[in-house]
Amino acid sequence: MNQERDFNEKCYELLNQIPKGKVTTYKEMANALGTKAWRAVGTAMAKNTNLINTPCHRVVRSDGTIGEYALGTNKKSELLRSEGVEILNNKIDNLDKYFFRFDA
DNA sequence: GCTGTGACTTCGA
DNA sequence: CTCGAAGCCACAG
(Lines give C-alpha, C1' and ligand atoms only; values in the text may rest on other atoms or scores of the structure.)
Protein backbone atom coordinates (compact mmCIF):
# COMPACT_ATOMS: atom_id res chain seq x y z
CA MET A 1 0.00 0.00 0.00
CA ASN A 2 2.87 2.35 -0.63
CA GLN A 3 1.46 3.42 -3.92
CA GLU A 4 -1.30 5.48 -2.43
CA ARG A 5 1.19 7.31 -0.26
CA ASP A 6 3.47 7.68 -3.23
CA PHE A 7 0.76 9.54 -5.07
CA ASN A 8 0.20 11.89 -2.18
CA GLU A 9 3.90 12.35 -1.61
CA LYS A 10 4.33 13.37 -5.20
CA CYS A 11 1.62 15.95 -4.76
CA TYR A 12 3.30 17.23 -1.65
CA GLU A 13 6.58 17.50 -3.47
CA LEU A 14 5.01 19.54 -6.22
CA LEU A 15 3.41 21.80 -3.66
CA ASN A 16 6.77 22.19 -2.01
CA GLN A 17 8.22 23.37 -5.29
CA ILE A 18 5.77 26.21 -5.44
CA PRO A 19 7.22 29.41 -3.99
CA LYS A 20 5.11 31.93 -2.18
CA GLY A 21 3.01 34.24 -4.27
CA LYS A 22 2.72 31.51 -6.88
CA VAL A 23 -0.10 29.14 -7.66
CA THR A 24 -0.61 26.06 -9.81
CA THR A 25 -3.48 24.05 -11.16
CA TYR A 26 -4.58 20.53 -10.31
CA LYS A 27 -4.29 19.57 -13.95
CA GLU A 28 -0.70 20.70 -14.11
CA MET A 29 0.08 18.72 -10.99
CA ALA A 30 -1.58 15.62 -12.36
CA ASN A 31 0.33 16.15 -15.56
CA ALA A 32 3.55 16.38 -13.58
CA LEU A 33 2.56 13.17 -11.84
CA GLY A 34 1.94 11.60 -15.21
CA THR A 35 -1.76 11.05 -14.58
CA LYS A 36 -5.08 12.55 -15.54
CA ALA A 37 -6.56 12.31 -12.09
CA TRP A 38 -6.84 15.96 -11.09
CA ARG A 39 -9.64 14.74 -8.90
CA ALA A 40 -7.48 12.23 -7.15
CA VAL A 41 -5.02 15.02 -6.45
CA GLY A 42 -7.68 17.20 -4.92
CA THR A 43 -9.27 14.28 -3.15
CA ALA A 44 -6.01 13.17 -1.66
CA MET A 45 -5.39 16.73 -0.53
CA ALA A 46 -8.92 17.09 0.74
CA LYS A 47 -8.76 13.93 2.81
CA ASN A 48 -5.46 15.40 3.69
CA THR A 49 -2.85 13.51 5.50
CA ASN A 50 -0.30 16.30 5.54
CA LEU A 51 -2.22 19.52 5.49
CA ILE A 52 0.36 21.14 7.72
CA ASN A 53 3.16 20.01 5.47
CA THR A 54 1.18 20.52 2.33
CA PRO A 55 0.05 24.04 1.41
CA CYS A 56 -2.73 22.85 -0.87
CA HIS A 57 -4.08 26.39 -0.82
CA ARG A 58 -1.51 27.27 -3.47
CA VAL A 59 -3.35 25.04 -5.88
CA VAL A 60 -6.22 26.44 -7.89
CA ARG A 61 -8.41 25.30 -10.74
CA SER A 62 -7.54 25.63 -14.40
CA ASP A 63 -10.00 28.46 -14.81
CA GLY A 64 -8.10 30.40 -12.20
CA THR A 65 -10.82 29.86 -9.67
CA ILE A 66 -9.73 28.91 -6.21
CA GLY A 67 -12.07 25.98 -6.05
CA GLU A 68 -12.72 24.36 -2.72
CA TYR A 69 -10.59 24.15 0.35
CA ALA A 70 -10.65 21.95 3.44
CA LEU A 71 -10.48 25.02 5.66
CA GLY A 72 -12.87 27.01 3.47
CA THR A 73 -12.58 28.77 0.14
CA ASN A 74 -12.58 32.17 1.80
CA LYS A 75 -9.68 31.05 3.94
CA LYS A 76 -7.83 29.88 0.89
CA SER A 77 -8.28 33.17 -0.90
CA GLU A 78 -7.19 34.91 2.25
CA LEU A 79 -4.03 32.87 2.43
CA LEU A 80 -3.24 33.45 -1.21
CA ARG A 81 -3.86 37.16 -0.83
CA SER A 82 -1.60 37.09 2.17
CA GLU A 83 1.12 35.66 -0.04
CA GLY A 84 0.75 38.49 -2.49
CA VAL A 85 -1.72 36.96 -4.89
CA GLU A 86 -4.59 39.24 -5.80
CA ILE A 87 -7.91 37.51 -5.44
CA LEU A 88 -11.07 38.81 -7.05
CA ASN A 89 -14.30 37.11 -6.06
CA ASN A 90 -12.53 33.89 -5.12
CA LYS A 91 -10.60 33.98 -8.37
CA ILE A 92 -7.01 34.67 -9.30
CA ASP A 93 -6.71 38.08 -10.86
CA ASN A 94 -3.68 37.27 -13.02
CA LEU A 95 -3.31 33.54 -12.97
CA ASP A 96 -0.70 33.61 -15.70
CA LYS A 97 1.26 36.05 -13.62
CA TYR A 98 1.13 33.95 -10.47
CA PHE A 99 1.04 30.62 -12.23
CA PHE A 100 3.99 28.41 -11.38
CA ARG A 101 5.10 25.69 -13.78
CA PHE A 102 6.99 22.61 -12.68
CA ASP A 103 10.05 23.25 -14.72
CA ALA A 104 11.75 20.16 -13.36
C1' DG B 1 -23.42 28.77 -17.80
C1' DC B 2 -25.07 24.37 -16.53
C1' DT B 3 -25.11 19.32 -17.09
C1' DG B 4 -23.05 15.06 -18.17
C1' DT B 5 -19.16 12.19 -18.72
C1' DG B 6 -14.23 10.85 -17.92
C1' DA B 7 -10.16 9.44 -15.00
C1' DC B 8 -7.95 8.12 -10.32
C1' DT B 9 -7.79 7.80 -5.46
C1' DT B 10 -9.57 7.43 -0.79
C1' DC B 11 -13.17 6.24 2.46
C1' DG B 12 -16.96 3.53 4.17
C1' DA B 13 -19.80 -0.69 4.68
C1' DC C 1 -10.80 -8.51 1.64
C1' DT C 2 -14.15 -6.74 -2.13
C1' DC C 3 -17.65 -3.57 -3.75
C1' DG C 4 -19.77 0.86 -3.94
C1' DA C 5 -19.90 5.82 -3.37
C1' DA C 6 -17.77 10.39 -3.06
C1' DG C 7 -14.28 14.01 -4.09
C1' DC C 8 -10.42 20.73 -3.47
C1' DC C 9 -11.58 18.71 -11.09
C1' DA C 10 -11.51 19.19 -16.40
C1' DC C 11 -13.52 18.86 -20.85
C1' DA C 12 -17.24 18.47 -24.14
C1' DG C 13 -22.10 19.12 -25.37
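Chain naming here is simple, since letters A, B, ... match the order of the sequence lines and numbering starts at 1 in each. Just so it is clear, the model here is predicted, and its values are computed rather than measured.
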Can you measure [X] atom [atom1] to [N] atom [atom2] for me and round it to whole angstrom units?
X	N	atom1	atom2	value
A:Lys47	B:dG12	NZ	P	8 Å
A:Met29	C:dG7	CE	P	20 Å
A:Glu9	B:dT9	CD	P	15 Å
A:Asn8	B:dC11	CG	C1'	13 Å

Looking at side-chain heavy atoms only, is the closest gap between A:Met29 and A:Phe102 below 4.5 Å?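 When only atoms from C-beta onward are counted, A:Phe102 and A:Met29 do touch, with a gap below 4.5 Å.
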Hey, are the side chains of A:Glu83 and A:Tyr98 touching, using non-hydrogen atoms and a 4.5 Å cut-off?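 A side-chain contact under 4.5 Å is absent here.
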Can you figure out which of B:dA7, B:dT9, C:dG7 approaches the side chain of A:Lys36 most closely?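 Among B:dA7, B:dT9, C:dG7, the one nearest the side chain of A:Lys36 is B:dA7.
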Polar atom pairs between nucleotides 10-13 of chain C and protein, under 3.5 Å, N or O only, would you list them?
{"residue": "C:dA10", "atom": "OP1", "partner": "A:Ser62", "partner atom": "N", "Å": "2.7"}
{"residue": "C:dA10", "atom": "OP1", "partner": "A:Ser62", "partner atom": "OG", "Å": "2.6"}
{"residue": "C:dA10", "atom": "OP2", "partner": "A:Arg61", "partner atom": "NE", "Å": "3.0"}

Please indicate whether A:Lys22 has more than 12 foreign heavy atoms, meaning atoms of other residues, nucleotides or ligands, lying under 6.0 Å from its NZ.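 Atom NZ in A:Lys22 is crowded, with more than 12 foreign heavy atoms closer than 6.0 Å.
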Distance, nearest 0.5 Å, that separates OG1 of A:Thr25 from CZ of A:Arg101: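 It comes to 9.5 Å.
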Salt bridge or not for A:Lys97 and A:Glu86, using N-O below 4.0 Å?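 A:Glu86 and A:Lys97: not salt-bridged.
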State plainly whether one hydrophobic cluster holds both A:Val23 and A:Leu15, where clusters connect Ile, Leu, Val, Met, Phe, Trp and Tyr through side-chain heavy atoms under 4.5 angstrom apart.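 They do not share one cluster, since no chain of ILVMFWY contacts under 4.5 Å joins A:Val23 to A:Leu15.
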